[in-house]
Amino acid sequence: MNSREVWFGRSLAARIKRCNLQPLSVLYYLGWQIYLLAYRIGLKRAKEPHIPIVVVGNFTVGGTGKTPITIYVAQVLIERGLEVVIGCSGYGSPKSAKASLAPVGVLGPKVWGDEPALIRELLPDVPLIVGRNRVLAAKICHENFPNAVLLMDDGLQHLPLKTHIKIAVEPKQSDNRMILPAGPYREPYNHNRVDIVVPGHFEIRRKLSHFKDQDGGGIELPISPTMNARALAAIGNPNQFFAALETVGIQLEKQFELKDHDPLTAGTLLASFDREMPTIVTLKDWMKLRELPGISKCKIWIAHESVSLEPRQEFANWLHERLQKTAKKVAE
């Protein structure tokens with residue numbers, strides 16, 4: 001039984017498992033409150049090696065779409081003429097242990113992680129700092145890009161680093177409000193600990209914009225008439241992706257659902273793809289699939305998504321005002 005089944009399952013086995021995990025959640029809750037209190041009363045002090053730092057995070061584990069929102073926020077800042085550096089953990093990759101400035105050009109997901117590879121694909125000119133050591137990442141940013149806005153993909157619970165604008169992405173509050181491991185929450189839900197929660201005053205608008213084949217050819221949406229295809233997703237919320245495909249005219253014959261950040265290197269993976277019928281994948285998963293020997297023989301369509309926070313101009317103004325307030329505090 002995987003974690004999502006434990007958290008949201010309605011079966012008797014899932015309910016029993018949740019009950020058995022509740023004592024551990026109580027210990028986790030107490031540990032989090034002690035951790036938070038240490039910073040609130042000054043026993044520990046967050047470091048501030050760079051200003052400003054914007055963090056896009058969440059209260060729950062995975063599947064909320066932080067990375068697409070981070071990319072969108074970066075685009076908003078760039079449109080305002082600001083220099084932007086993105087920091088991300090590089091989950092599961094060798095580079096995640098500390099923090100390092102990624103080189104220019106295409107990033108291999110095996111070394112740098114699938115999300116850094118995705119960000120580089122969509123924002124090729126934006127510097128990337130990869131690694132879980134957020135304080136070190138901020139130092140690297142300040143040393144190399146002292147005038148940039150450091151935009152953190154995740155890191156809301158990383159209290160050793162002082163951040164200046166906190167955006168929490170929580171598309172839907174879970175029916176299970178417990179914290180780990182009996183529930184999906186990394187910390188008790190507290191909107192007062194962040195500057196804004198989206199959706200809320202600003203709505204998340206996301207939709208599939210188009211598909212591309214392996215040669216870069218475009219396939220416009222919606223598909224008409226409805227056609228059959230297969231789909232693969234190794235993301236936090238694969239069911240959302242599968243549902244989105246059906247809304248644009250795809251009848252899914254088969255769905256391959258793998259855990260988030262799966263390396264997609266299983267020996268039988270390519271054999272499961274149909275050579276004639278397209279298999280539709282997310283752009284994040286394509287970063288890994290495109291490196292597999294033999295993938296060129298498969299019929300792959302890559303789904304591209306558009307994401308925004310609406311009203312767009314109002315959000316851009318809000319973010320700009322928050323950055324101005326941060327700069328004013330520093331000047332004082």
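All residue numbers in this chain count up from 1 along the given sequence. Keep in mind that this is a model prediction, so the values were computed, not measured.
A salt bridge links E187 with R193: at least one charged nitrogen is closer than 4.0 Å to a carboxylate oxygen. At a threshold of 4.0 Å, the pair E276-K299 does not count as salt-bridged, since none of the basic side-chain nitrogens sits closer than that to a carboxylate oxygen. Looking at D195 and K325, no side-chain N of the basic residue comes within less than 4.0 Å of a carboxylate O on the acidic one, giving no salt bridge. Remark: E121 engages R290 in a salt bridge, criterion side-chain N to carboxylate O under 4.0 Å. Using a 4.0 Å cut-off between a side-chain N of Lys or Arg and a carboxylate O of Asp or Glu, D125 and R120 do not qualify as a salt bridge. Classification of D114 and K288 as a salt-bridged pair holds, one side-chain N sitting under 4.0 Å from a carboxylate O. In this structure, E305 does not pair ionically with K207, as no charged nitrogen and carboxylate oxygen lie closer than 4.0 Å.
When each of L21, N20, I16 is checked for a side chain to side chain contact (heavy atoms under 4.5 Å, CB included) with V6, only L21 meets the rule.
Between F273 and R230 the shortest heavy-atom distance is C-NH1, 4.4 Å. Nearest heavy atoms, C88 versus P116: SG-CG, 3.6 Å. The two residues A99 and N133 have their closest heavy-atom pair at CB-O, 3.6 Å. Pairing each heavy atom of I280 with each of A229, the nearest pair is CD1-CB, 4.0 Å. Nearest heavy atoms, R206 versus G65: NH1-CA, 4.0 Å. Counting all heavy atoms, side chain and backbone alike, S93 lies closest to G113 at CB-N, 3.4 Å.
V26 and M178 are assigned to two separate hydrophobic clusters, defined by single-linkage of ILVMFWY side chains at heavy-atom distances under 4.5 Å. Under the 4.5 Å side-chain heavy-atom criterion for ILVMFWY residues, a single connected hydrophobic cluster contains both L118 and L128. Hydrophobic clustering of Ile, Leu, Val, Met, Phe, Trp and Tyr side chains at less than 4.5 Å, counting indirect connections, keeps I250 apart from M277. Placement of W286 and V111 within a single hydrophobic cluster is found when ILVMFWY residues are connected by side-chain heavy-atom separations under 4.5 Å, directly or transitively. Residues F8 and L12 fall into different hydrophobic clusters, defined by Ile, Leu, Val, Met, Phe, Trp and Tyr side chains chained together at heavy-atom separations under 4.5 Å.
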Would W318 and L323 count as a side-chain contact (heavy atoms from CB on, under 4.5 Å) if you check the C-alpha gap in whole Å, the side-chain angles of each, and the deciding distance to 0.1 Å? CA-CA 9 Å; W318 174 85; L323 289 170; over 6 Å; no
Residue pair V61, Y185: steps toward the side-chain contact (heavy atoms from CB on, under 4.5 Å) verdict
CA-CA 6 Å; V61 175; Y185 282 84; over 6 Å; no
task = Could you walk me through whether S89 and R132 pass side-chain hydrogen bond (donor to acceptor under 3.5 Å, both in side chains), step by step?
result = CA-CA 5 Å; S89 69; R132 296 193 306 270; over 6 Å; no
Check: Would I235 and D285 count as a side-chain contact (heavy atoms from CB on, under 4.5 Å) if you check the C-alpha gap in whole Å, the side-chain angles of each, and the deciding distance to 0.1 Å?
Finding: CA-CA 8 Å; I235 56 177; D285 290 328; 4.1 Å; yes
List the steps, then state whether side-chain contact (heavy atoms from CB on, under 4.5 Å) holds for I165 with V55.
CA-CA 6 Å; I165 301 173; V55 61; over 6 Å; no
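I71 has its side chain within reach of L123: a pair of non-hydrogen atoms, C-beta onward, lies under 4.5 Å apart. Under the 4.5 Å side-chain criterion, counting only non-hydrogen atoms from C-beta, T265 is not in contact with L269. Side-chain contact between E314 and F202 is present, with heavy atoms from C-beta onward closer than 4.5 Å. With a 4.5 Å cut-off on side-chain heavy atoms, L292 and L270 count as touching. Under the 4.5 Å side-chain criterion, counting only non-hydrogen atoms from C-beta, L107 is in contact with P103. Within the 4.5 Å cutoff, the side chain of L156 has no heavy atoms near those of the N58 side chain. Using a 4.5 Å cut-off on side-chain heavy atoms (C-beta onward), V130 and S96 make no contact. Side-chain atoms of V194 and I167, non-hydrogen and from C-beta on, never get closer than 4.5 Å to each other.
From I223, atom CD1 reaches atom CG of L245 across 10.0 Å, with rounding to the nearest 0.5 Å. Here the straight-line distance linking atom CG of L264 with atom CG of L289 works out to 5.0 Å at 0.5 Å rounding. The line from OG1 of T163 to CD of E48 is 9.5 Å long, rounded to the nearest 0.5 Å. Rounding to the nearest 0.5 Å places NZ of K47 at 10.0 Å from CG of L136. Taken from CG in L319 to CD in Q324, the straight-line distance is 10.5 Å, to the nearest 0.5 Å. Distance CZ/R134 to CG/L150: 9.0 Å, rounded to 0.5 Å.
Between the Y35 side chain and the L159 main chain, a donor and an acceptor come within less than 3.5 Å of each other. Of the possible polar contacts, one joining the H164 side chain to the I53 backbone as a donor-acceptor pair under 3.5 Å is found. Q214 places a side-chain N or O within 3.5 Å of a backbone atom of I295 that can act as its donor or acceptor partner. In this structure a side-chain-to-backbone donor-acceptor pair under 3.5 Å is missing from D262 to L258. Under a 3.5 Å cut-off, the side chain of R18 and the backbone N or O of W7 do form a donor-acceptor pair. No donor-acceptor pair closer than 3.5 Å links the side chain of R275 to the backbone N or O of C298.
Other residues, nucleotides and ligands contribute only 12 or fewer heavy atoms inside 6.0 Å of the OH atom of Y91. Annotation for E220: atom CD does not count as buried by contact number, only 12 or fewer foreign heavy atoms lying within 6.0 Å. Summarising the local packing, CZ of R205 is surrounded by 12 or fewer heavy atoms from other residues, nucleotides or ligands at distances under 6.0 Å. At most 12 non-hydrogen atoms from other residues, nucleotides or ligands lie less than 6.0 angstrom from OH of Y29.
A donor and an acceptor atom, one from each side chain of H191 and E170, are nowhere located under 3.5 Å apart. Under the 3.5 Å distance criterion, with hydrogens and angles disregarded, a donor-acceptor pair is assigned to the side chains of D153 and T67. Checked by atom type, the side-chain pair N317/R312 shows no donor-acceptor distance below 3.5 Å.
Under the 6.0 Å distance and 45° angle rule, R177 counts as a cation-pi partner of Y189.
Taking the six-membered ring where tryptophan is involved, the planes of H50 and H142 are perpendicular, since the angle between them exceeds 60° and thus also 30°.
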